[in-house]
> 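Take this structure, written in structure tokens, and hold onto it; I'll ask about it next.
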Protein chains: 2
Amino acid sequence: MSATGTPITNAIRRLRFEHGEMTQQALADACGITRQTVIALEGGKYAPSLELAFRIARTFGAGLEDVFQWKE
Amino acid sequence: MSATGTPITNAIRRLRFEHGEMTQQALADACGITRQTVIALEGGKYAPSLELAFRIARTFGAGLEDVFQWKE
DNA sequence: TCGGAATGTAAGCTACACATGACATTGTGT
DNA sequence: ACACAATGTCATGTGTAGCTTACATTCCGA
């Protein structure tokens, strides 16, 4: 795993567990995306669009930079 | 103008002026993008990728949410 | 008055974010 | 032992972010 093809990492998986027993499907529904996308994001396959990043952060009640990190 | 096709707005143009006489070309060079992209972003044509959003924010020495706003 | 710097518009192209659907695996409860 | 929920893989398709090239406009200094 950890086949990162993007210089952006995220704390989605950790936040998901910290937010009760939130499943990938539950997060996907809350953000209006598919479970496939959640899997890809958690697996670091690619970085989300800025819009989706906002929706994910808001779902966790967090700021953008609490969820996504930019490793220059 | 203001033909927004995205629910995300930005303060790029304002920040550019607030950062000395920073031209679109200077910002583009600093972010590693083209002037066309700066024009499109300022014109609200589309939202940048998360990675580009980070580079722009960092160029201005600001946080992501200081530059980009998410209007649900 | 002419040249260059800054801004804007438009067409066509490529890369990738995200979707859909089908299937494999693992863990848990009954 | 079997159903089911949760996670993951693979394949394929579409929309759009961002690029390139080219041209038009406005403004300012020599």
Side-chain angles (χ1 to χ4, degrees), chain A residues 1-60 62 64-72, chain B residues 1-60 62 64-72:
Chain A
M1 284 181 203
S2 71
T4 305
T6 165
I8 291 187
T9 58
N10 68 75
I12 294 180
R13 179 174 277 265
R14 179 173 59 74
L15 287 166
R16 198 159 57 77
F17 287 130
E18 289 177 3
H19 275 252
E21 301 292 321
M22 180 177 255
T23 65
Q24 293 178 330
Q25 185 65 61
L27 173 59
D29 292 343
C31 296
I33 57 179
T34 65
R35 194 171 61 85
Q36 288 312 311
T37 299
V38 173
I39 291 174
L41 293 177
E42 287 190 355
K45 293 300 178 87
Y46 51 71
S49 66
L50 185 54
E51 179 178 345
L52 177 52
F54 264 111
R55 275 186 299 199
I56 293 173
R58 163 162 298 190
T59 294
F60 288 129
L64 273 186
E65 313 211 27
D66 294 322
V67 184
F68 303 95
Q69 295 82 40
W70 155 252
K71 38 169 181 169
E72 189 172 7
Chain B
M1 283 178 204
S2 73
T4 306
T6 165
I8 290 186
T9 57
N10 68 75
I12 295 180
R13 179 174 278 265
R14 179 174 58 75
L15 287 165
R16 197 159 55 78
F17 287 129
E18 289 178 4
H19 275 251
E21 301 292 320
M22 180 177 257
T23 65
Q24 292 177 331
Q25 185 65 59
L27 173 60
D29 291 344
C31 295
I33 58 179
T34 65
R35 195 170 60 84
Q36 288 312 310
T37 299
V38 173
I39 291 174
L41 293 177
E42 287 190 356
K45 291 300 178 86
Y46 51 72
S49 67
L50 186 53
E51 179 178 344
L52 177 52
F54 264 111
R55 275 185 294 185
I56 293 173
R58 166 161 296 192
T59 294
F60 289 128
L64 273 186
E65 315 211 25
D66 294 322
V67 185
F68 303 95
Q69 296 82 41
W70 153 253
K71 37 168 182 170
E72 190 174 6

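Below, chains carry the letters A, B, ... as their sequence lines are ordered, and counting in each starts from 1. In this text the structure is predicted, and so the values were computed from the model without any measurement.
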> Quickly work out the Leu41(A) CG to dT7(D) P distance and round it to whole Å.
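It is 14 Å, rounded to the nearest whole Å.
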> With a 4.5 Å cut-off on side-chain heavy atoms, are Leu50(A) and Leu64(A) touching?
yes
> Take the C1' atoms of the five end pairs on each side of the helix from dT1(C)-dA30(D) to dT30(C)-dA1(D), derive the two axes, and give their angle rounded to 10 degrees.
30°
> Suppose we screen for side-chain hydrogen bond (donor to acceptor under 3.5 Å, both in side chains). Which residues come up paired with Glu42(A), at least two apart in sequence or across chains?
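Arg13(A), Arg16(A), Gln24(A).
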> Quick one: list whatever passes side-chain hydrogen bond (donor to acceptor under 3.5 Å, both in side chains) with Thr37(A), sequence neighbours left out.
Thr34(A)
> Ignoring the backbone of Gln36(B), work out which of dA22(D), dG21(C), dC18(C) is nearest its side chain.
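The nucleotide sitting nearest to the side chain is dA22(D).
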> Excluding sequence neighbours, so at least two apart, what forms side-chain contact (heavy atoms from CB on, under 4.5 Å) with Ala47(A)?
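Only Thr6(A), Ile8(A) meet the side-chain contact (heavy atoms from CB on, under 4.5 Å) criterion with Ala47(A).
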> For Ala62(A), check side-chain contact (heavy atoms from CB on, under 4.5 Å) against everything at least two apart and list the hits.
Phe60(A), Asp66(A), Val67(A)
> Quick check: do Pro48(A) and Phe68(A) have side-chain heavy atoms less than 4.5 Å from each other?
yes
> Find the distance Glu51(A):CD to dA19(C):C1' and express it as a whole number of Å.
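It is 15 Å, rounded to the nearest whole Å.
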> Which whole-number value in Å describes the distance from Glu42(B) CD to dG8(C) C1'?
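Interatomic distance, CD of Glu42(B) to C1' of dG8(C): 11 Å.
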> Does Ala40(B) reach a base, just sugar-phosphate, or nothing at all? Heavy atoms under 4.0 Å.
nothing
> Counting only side-chain N and O atoms of Ser49(A), is one of them less than 4.0 Å from OP1 or OP2 of dA17(C)?
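For dA17(C), neither OP1 nor OP2 has a side-chain N or O of Ser49(A) closer than 4.0 Å.
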> May I have the distance from Leu50(A) (atom CG) to dC18(C) (atom P), rounded to whole angstrom?
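It works out to 10 Å between those atoms.
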> In residues 11-30 of chain A, which residues come under 4.0 Å of DNA chain D by heavy atom?
Arg13(A), Arg16(A), Thr23(A), Gln24(A)
> Answer yes or no: is there a side-chain heavy-atom contact under 4.5 Å between Asn10(B) and Ile56(B)?
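No, every pair of side-chain atoms sits at 4.5 Å or beyond.
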> Using atom CD1 of Ile8(B) as one end and atom C1' of dA17(D) as the other, report the distance to the nearest whole Å.
12 Å
> Tell me every residue that passes salt bridge (charged side-chain N to carboxylate O under 4.0 Å, His left out) with Glu18(B), counting only those two or more places apart in sequence or in another chain.
Arg14(B)
> Starting at CD1 of Ile39(B) and ending at C1' of dG18(D), how long is that distance when rounded to a whole Å?
13 Å
> What is the distance from CG of Leu52(B) to C1' of dA17(D), rounded to the nearest Å?
9 Å
> Using the test side-chain contact (heavy atoms from CB on, under 4.5 Å), find all partners of Ser49(B) that sit at least two apart in sequence or belong to another chain.
Glu51(B), Leu52(B)
> To the nearest Å, give me how far apart NZ (Lys45(A)) and P (dA19(C)) are.
16 Å
> Counting side-chain heavy atoms from CB outward, which of dA17(C), dG8(C), dG18(D) is closest to Tyr46(A)?
dA17(C)
> Protein within reach of the bases, or only the backbone? For nucleotides 23-30 of chain D, mark each nucleotide 5' to 3' as B, S or -, using heavy atoms under 4.0 Å.
--------
> Can you list every ring-ring contact (aromatic ring centres under 6.0 Å, His included) pair that touches residues 20-41 of chain B, not counting sequence neighbours?
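Of all non-adjacent pairs touching residues 20-41 of chain B, none passes ring-ring contact (aromatic ring centres under 6.0 Å, His included).
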> By nearest atom, which of the nucleotides dG18(D), dC18(C), dT9(D) is closest to the Thr37(A) side chain?
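Out of dG18(D), dC18(C), dT9(D), the nucleotide with an atom closest to Thr37(A)'s side chain is dC18(C).
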> Output all residues satisfying side-chain hydrogen bond (donor to acceptor under 3.5 Å, both in side chains) with Gln69(A), sequence neighbours left out; order by chain, then residue number.
Thr9(A)
> With sequence neighbours left out, write down each residue that passes side-chain contact (heavy atoms from CB on, under 4.5 Å) with Gln25(A), or none if nothing qualifies.
Thr23(A), Ala28(A), Asp29(A), Arg35(A)
